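Here is the structure we will look at.
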Amino acid sequence: MGGGGEAHRAQYLPGDPRLPDERPTSKLLAPLRVEGVRGVVVAVVSTIVVIGVFVWLVVRSDNWPAVREFFFSAEEFRDTFPEIAQKFLRNVLYFMVAEPIILALALLIAVMRSLSGPVFFPIRVMAIVYTDFFRGIPTVLVVYILGFGVPQLGLPGVPTDPAFWAVVALVLSYSAYVSEVYRAGIDSVHPSQVAAARSLGLGRWHSLRYVVIPQAVRRVIPPLLNDFVALQKDTALIAFVVAVPEAFKMAQIQKDADFNYTPLLAAALMFLIVTVPLTRTVDWLIARERRKRMAEGSA
Amino acid sequence: MNEPGVDDVAVRIEALHKSFGKLEVLKGVDLTVGEHQVICLIGTSGSGKSTLLRCVNLIEPVDAGRILVHGEEITARGVDVNRIRRSIGIVFQSFNLFPHMTVRRNITLAPRKALKLSAQEAEARAVELLERFGLADKKDEYPDRLSGGQQQRVAIVRALAMQPDIMLLDEVTSALDPELVAEVLNVIKELAAAGMTMLIATHEMGFARDIASRVCFLDAGVILEEGPPEQIFTEPREERTQRFLQSIIEAGRM
């Protein structure tokens with residue numbers, strides 16, 4: 001994309017529509033990209049008008065004073081947010097425990113599913129049944145069933161902490177989704193790469209380990225990160241089965257104690273503080289990946 | 001140029017058949033490659049040249065017929081394909097280097113994992129070959145930083161690092177810009193001079209004429225005509241061979 005562009009550009013006068021688009025294609029604020037000063041003014045004014053109308057509609061409703069008291073109480077927020085933020089550390093912990101296991105288990109499932117040949121038929125079937133099963137059940141149900149169910153069984157030597165089983169549920173459910181992401185990556189590696197590896201005398205496992213998987217994983221990092229964000233959010237599902245509160249459970253306790261919904265908004269804010277930067281980073285990575293692929297395509 | 005004796009046969013292909021679905025690509029190919037011979041396969045696209053090479057490397061399973069390498073039937077059931085492939089190198093039209101590895105890693109991967117060489121041994125082997133083919137300064141580059149000619153030379157080095165007895169070259173210059181073809185052909189000429197047994201599918205007729213011990217014209221899945229290059233290129237017996245060579249001359253490729 002480098003030197004060729006210069007020569008290409010020289011053929012046209014400035015403003016020629018055939019000129020390559022020089023605007024940054026995807027920066028963090030790409031959605032706000034506008035044309036010139038006039039564009040900025042229009043964007044600012046229309047944003048103010050839209051938000052203004054929205055706020056005005058909400059505030060002028062008859063029940064606004066009550067709603068403000070129940071949902072947007074500054075005092076309640078001040079009282080409850082620190083504790084919720086502190087309990088949020090538990091959500092982060094659940095996430096940090098679950099994510100590495102998910103990444104490993106999902107890769108294993110994806111590899112099982114990509115094995116070719118009649119010998120591996122049972123393994124492929126197992127992997128397919130697993131992904132179909134756990135992608136077919138709402139995650140919250142898996143959390144309920146394992147979180148309440150397994151401790152109830154009282155099996156000797158089996159942990160009885162509902163939080164443990166809720167994390168297991170997240171791992172099982174997310175591994176099914178993430179394995180599909182890996183599989184897309186594995187499928188995207190051209191068969192000629194496998195042919196090259198095998199033709200050198202590398203076995204099936206070595207070809208997978210050193211040639212296919214590294215290329216596959218590199219390509220699916222952005223969608224994997226998307227699932228990271230989703231998992232961070234879904235740690236809130238653990239609130240349904242645990243006695244020791246995390247952020248959402250804490251917010252519910254405080255809501256019930258004070259007859260005020262503000263703690264729920266405080267919890268929502270806590271999640272946003274973590275997930276929004278993550279999401280922006282993922283978008284940026286996806287855009288960068290796309291630019292790279294386009295550059296490769298034109299080379 | 002004579003039929004090699006039984007002891008010096010590197011590869012013997014007998015009545016080889018291969019179909020892809022309903023499309024029969026090879027319809028009974030017989031071919032004998034003597035030790036240190038260079039056999040050039042010529043013919044139109046789709047005549048089965050690539051498929052034949054891929055069968056010899058066992059990338060494609062054969063439907064019927066046999067392939068013997070140094071007297072061992074490699075198409076027999078229960079043969080360790082990885083062991084066979086280690087002694088038969090193949091280079092592809094589109095290079096197929098591993099894009100996520102440096103040149104050095106591309107070359108040392110198979111010697112280390114398949115031959116179980118130590119890192120130092122594999123490295124020494126890679127460096128020696130890279131120096132021999134004028135690529136020593138590229139060893140830490142990634143493939144996408146190299147020209148097509150350099151990539152193809154690296155692919156040849158990668159195959160040579162396994163120290164194969166036989167090399168299969170599948171139209172290795174077809175994806176290259178014209179000015180890059182010579183550097184790759186020179187590498188192959190050097191290999192031929194060093195006595196490497198090679199089976200080469202090519203569209204470079206001048207090159208085939210220079211280098212081949214024997215030229216085989218593949219047409220519609222069989223070897224229609226074979227002989228020394230002087231004979232094939234100057235007085236081909238078969239009418240289809242004549243027509244093929246005529247079209248090459250008209251295209252200015254010879």
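In what follows, chains are A, B, ... by sequence order, proteins preceding strands, each numbered from 1. It should be emphasised that the depicted structure is a prediction, and the values quoted were computed from it without experimental measurement.
Counting only distance, with no hydrogens or angles, the side chain of His100(B) and the backbone of Tyr210(A) share a donor-acceptor pair below 3.5 Å.
Within a 6.0 Å sphere centred on NZ of Lys189(B), other residues, nucleotides and ligands contribute more than 12 heavy atoms. The local environment of CZ in Arg105(B) is sparse, with at most 12 non-hydrogen atoms from other residues, nucleotides or ligands closer than 6.0 Å.
For Arg85(B), there are no side chain to side chain donor-acceptor pair (under 3.5 Å) partners, not counting sequence neighbours.
Atom CG of Leu58(B) sits about 11.0 Å away from atom OG of Ser199(A), to the nearest 0.5 Å. One distance of note links CG of Asn57(B) with CG of Leu200(A); it measures 8.5 Å at 0.5 Å rounding.
Between Val211(A) and Leu109(B) there is a side-chain heavy-atom pair separated by less than 4.5 Å. Between Gln193(A) and Pro99(B) the shortest side-chain heavy-atom distance falls below 4.5 Å. Residues Arg198(A) and Asn82(B) are in side-chain contact: their nearest non-hydrogen atoms beyond the backbone lie under 4.5 Å apart. The shortest side-chain heavy-atom distance between Phe98(B) and Pro214(A) does not fall under the 4.5 Å cut-off.
Using a 4.5 Å cut-off between non-hydrogen atoms, no part of residues 111-129 of chain A approaches chain B. The contact list for residues 110-143 of chain B toward chain A, using heavy atoms and a distance under 4.5 Å, reads Ala110(B), Lys113(B), Ala114(B), Lys116(B) by residue number.
Note on Gly201(A), Ala195(A), Gly203(A): by heavy-atom pairs under 4.5 Å with chain B, the leading option is Gly201(A).
Neither the backbone nor the side chain of Arg209(A) comes within contact range of chain B; no heavy atom of the residue lies under 4.5 Å from a heavy atom of that chain. Interface residue Leu97(B): only backbone heavy atoms are found under 4.5 Å from chain A. With a 4.5 angstrom heavy-atom cutoff, Arg83(B) does not touch chain A via any of its atoms.
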Please report, to 0.1 Å, the donor-acceptor pairs under 3.5 Å made by any side chain of residues 165-177 of chain A, with sequence neighbours excluded.
unit_1	atom_1	unit_2	atom_2	d
Trp165(A)	NE1	Pro159(A)	O	2.7
Ser173(A)	OG	Thr139(A)	OG1	3.1
Tyr174(A)	OH	Ala230(A)	O	3.1
Tyr174(A)	OH	Leu231(A)	N	3.3
Tyr174(A)	OH	Asp234(A)	OD2	2.7
Ser175(A)	OG	Val171(A)	O	2.6

